[in-house]
2 protein chains.
Amino acid sequence: MSGFSEKTSFAKAPETVAKTGISVMIKAVPQGSFFIFDIRHLELSIKHLLMPSAVNHDATVLRRIFQMSIPNNRLLSALDSGSFRKLHSKLETVPLEFGKDIYQPGEISTFVYFPESGIISLLSSVETDSTLEVGIVGNEGMVGIGVFLGVEKANNHALVQGEGTAFRMRSADLQAAVENDNQLRRVINLYVHSLITQISQTAACNRYHDIESRLARWLLMTQDRMRSDEFRITQEFLSNMLGVRREAVSKAAAGLQSNRLISYSRGNLSILNRKDLEKTACRCYRVIKKDYDDFLKESAF
Amino acid sequence: MSGFSEKTSFAKAPETVAKTGISVMIKAVPQGSFFIFDIRHLELSIKHLLMPSAVNHDATVLRRIFQMSIPNNRLLSALDSGSFRKLHSKLETVPLEFGKDIYQPGEISTFVYFPESGIISLLSSVETDSTLEVGIVGNEGMVGIGVFLGVEKANNHALVQGEGTAFRMRSADLQAAVENDNQLRRVINLYVHSLITQISQTAACNRYHDIESRLARWLLMTQDRMRSDEFRITQEFLSNMLGVRREAVSKAAAGLQSNRLISYSRGNLSILNRKDLEKTACRCYRVIKKDYDDFLKESAF
DNA sequence: CATCGTATGTGCGATACCGCACATATTAAG
DNA sequence: CTTAATATGTGCGGTATCGCACATACGATG
């Protein structure tokens, strides 16, 4: 596959990269060695691959090639090299800055976004003041399914909740791409389904479960997507996500803290005991995660 | 609606049926006259058309032509005649019986359904006992978007909430049709978007608004789809829809009744004052309805 | 250092909703 | 008619959450 034809002085560089099933094989001829890794663990694998003991050539070049050929977004990485190459020229990388509005309700969606890292929250609201998070998007998904579905205007609010980067693409380019590329359509269709499930389950969860459980669920979902045990987050922000008073967040967080599940001080939140946090969270977390995992399984082929 | 004059008689059945915009033109050649009516009032119009005083030929033939050419489901009727004819052989009409499960979560979806009348509720649940309605489907939509999106198993519970009839179609047939028919795909895509909006807005509504407002909203949405002022519905059932105790439904209904907005006795519910009921309902009703109307506008072309 | 804005902790009364218990009305079945 | 099953109305104490008020802590900025 792809751009390994680079004349980059790869005396010791991989000569061929072939995608087989869900894994990617890299063959580094001079050493006669090769590496296989699961694209689901791309980051991990790259680190491994770049360990000096294994490879002794220019790490940055290799990394760049990797990033070009296998984007760290599940939707894009599920595409075969042909599909992705066609998209590639339309994509640009942009930073996701905390608190930035990606979409405002009613606004024309100029771009769609495929996060590589960071998190974007999808919010619904009643009477402008009271907001509620209905969905979370990380590198497993995209923001802009409205565009994919043929609607110009965003219907809900999309907000950067955790810093990172994303590919973005003009809406028109996406629509054109979708029109011609069955594979792309199929992958995004599956994602849309997964998102609907997430929204539905979250709705029931918000109705039935108490704040502390929901906070636990939210933290777990965030951690899954941030792949970090620590993040900065204000109570005010959390209150908008969970749809409760800020004071209630304060109380719920104190509850989790007293059980040593998290430590939370002035916006610096870190998860201390993931296992027990899962117990505190309602089953909804598992339900959503299962669907999410199934979706990843189905979309990787 | 419109130019249906009583005096005009159909010596013969309409010779051509042409769709223009959102209206349908029927040309009855012998008289050189034609009729235009809004497909939104199709049922009404057909009844009117088939009044003995107006028509003196074989009513069943005419009715069949109508049903073949303009199904009373917005998704199907948005298709041009070519698209629809291709689907037609795959469709069969089935009754929607009250209380029947269309989908159970986790179950393989054998069929998809395009209601012509009646209502199907989409339910989400936590721990089997506590359910919550996340979406309502009437003749504006379909049940089985999971199939459309490429997923075999249903993710949520779909339940007949109001009797009626629906077209149904094998899932495989839908998938094949979607693959080849851009127009069909486009229409259902728009519907999926509309449904996502509905689910999201409902989620926020359930979080923020009190039971009486939500009950009012629910009744309005149901009335829109049943096109009837009266329906049978138990408190137990309503409690599952709104995700509250049955007793709470009793209280909320009593509230509406004391203001003479509805009359409700032992399952027989009738809406007395729609206007004021809309005032009691939260703004969510309007928001959802607006999106729903916009969707209908966009999908009719 | 002083100041100010922002984030956080806490307490208290009000309220919406829950859970349960029980009475009553209606329909269905024997 | 009797009985059972189902649907509905009502009351009461408990609890989660709200709304508001206020005290406190921290960070940025001058």
Side-chain angles (χ1 to χ4, degrees), chain A residues 98-99 125-127 129-133 161 203-219 230-259 262-270 280-282, chain B residues 98-99 125-127 129-133 161 203-219 230-259 262-270 280-282:
Chain A
F98 177 80
S125 62
V126 296
E127 279 101 41
D129 48 333
S130 311
T131 69
L132 175 70
E133 181 181 71
Q161 181 225 113
C205 181
N206 283 331
R207 176 64 198 78
Y208 287 107
H209 297 317
D210 65 15
I211 298 180
E212 199 166 319
S213 306
R214 277 149 56 201
L215 176 58
R217 168 177 64 75
W218 191 91
L219 293 173
E230 310 185 355
F231 24 89
R232 289 199 50 92
I233 199 78
T234 71
Q235 295 184 350
E236 177 71 25
F237 187 87
L238 281 172
S239 81
N240 285 324
M241 296 300 116
L242 301 176
V244 297
R245 282 155 60 245
R246 182 195 59 73
E247 295 91 322
V249 173
S250 181
K251 204 174 173 185
L256 295 180
Q257 201 162 199
S258 73
N259 293 331
I262 65 170
S263 100
Y264 188 21
S265 163
R266 313 236 135 242
N268 294 310
L269 194 151
S270 60
T280 302
C282 39
Chain B
F98 177 80
S125 62
V126 296
E127 281 101 41
D129 48 334
S130 312
T131 70
L132 176 70
E133 182 182 71
Q161 181 225 115
C205 181
N206 284 329
R207 176 66 199 78
Y208 286 109
H209 297 318
D210 65 15
I211 298 181
E212 199 166 318
S213 307
R214 276 150 57 202
L215 176 58
R217 169 177 63 75
W218 192 91
L219 292 173
E230 310 183 356
F231 25 88
R232 290 198 51 90
I233 198 81
T234 70
Q235 295 184 350
E236 177 71 26
F237 187 87
L238 281 172
S239 81
N240 285 324
M241 296 299 116
L242 302 176
V244 297
R245 280 156 60 247
R246 182 195 58 74
E247 296 91 321
V249 173
S250 181
K251 203 173 174 187
L256 296 180
Q257 203 162 197
S258 75
N259 293 332
I262 65 171
S263 99
Y264 188 21
S265 162
R266 310 240 136 237
N268 294 311
L269 195 152
S270 60
T280 302
C282 39

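Note: hydrogens, waters and symmetry copies are ignored here, and every other heavy atom, side chains too, is used. Letters A, B, ... mirror the listed sequences (proteins, then strands); counts begin at 1.
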Item to check | Atom-to-atom span, NE2 of H209(B) to C1' of dC18(D) - whole angstrom | outcome: 15 Å

Checklist entry - Between R232(B) (CZ) and dT26(C) (P), how many Å, whole number? => result 13 Å

Item to check | Pair N268(A), S265(A): side-chain N/O donor-acceptor within cut-off below 3.5 Å | outcome: no

Checklist entry - How is F237(A) classified with respect to the nucleic acid when contacts are heavy atoms under 4.0 Å: base, sugar-phosphate, or nothing? => result nothing

Checklist entry - Rounded to the nearest Å, what distance is computed from the CD1 atom of residue I233(A) to the P atom of nucleotide dT6(C)? => result 18 Å

Checklist entry - Taking only side-chain nitrogens and oxygens of Q235(B), does any of them come within less than 4.0 Å of OP1 or OP2 of dT6(D)? => result no

Checklist entry - Could you state the NZ-P distance from K251(A) to dC20(D), rounded to the nearest angstrom? => result 18 Å

Checklist entry - Which nucleotide, dT17(D), dG9(D), dA16(C), lies nearest any side-chain atom of D210(B)? => result dA16(C)

Next on the checklist: From CG of N268(A) over to C1' of dT6(C), roughly how many Å is that when rounded to an integer?
Outcome noted: 15 Å

Checklist entry - Rounded to the nearest Å, what distance is computed from the CD atom of residue E236(B) to the P atom of nucleotide dA25(C)? => result 21 Å

Checklist outcome for this item: In this structure, CG of N206(B) is separated from CZ of R217(B) (nearest 0.5 Å) by 5.5 Å

Checklist outcome for this item: In whole angstroms, the gap separating P of dA7(C) from CG of L238(A) amounts to 12 Å

Checklist entry - Separation of R245(B) atom CZ from dA21(C) atom P, in whole Å? => result 13 Å

Checklist entry - Which sits closer to the 5' end of DNA chain C, R246(A) or R207(A), going by the nucleotide each is nearest to? => result R246(A)

Item to check | Below 4.0 Å: OP1/OP2 of dC18(D) and any side-chain N or O of Y208(B) | outcome: no

Checklist outcome for this item: Output for pair (L256(A) CG, E212(A) CD), nearest 0.5 Å, gives 4.5 Å

Item to check | Base dC18(C) paired with E247(B) side chain (donor-acceptor, <3.5 Å) | outcome: no

Item to check | Interatomic spacing from CD1 in I233(B) to CZ in F98(B) - rounded to 0.5 Å | outcome: 5.0 Å

Item to check | G243(A) or A253(B), whichever maps to the more 5' nucleotide of DNA chain D | outcome: A253(B)

Checklist entry - Could one point to a donor on the side chain of R266(A) or the base of dG27(D) with an acceptor on the other under 3.5 Å away? => result no

Checklist entry - For the atom pair CG (L269(A)) and CG (L238(A)), what is the distance rounded to the nearest 0.5 Å? => result 7.5 Å

Checklist entry - OP1 or OP2 of dA7(C) sitting under 4.0 Å from any side-chain N/O of T234(A)? => result no

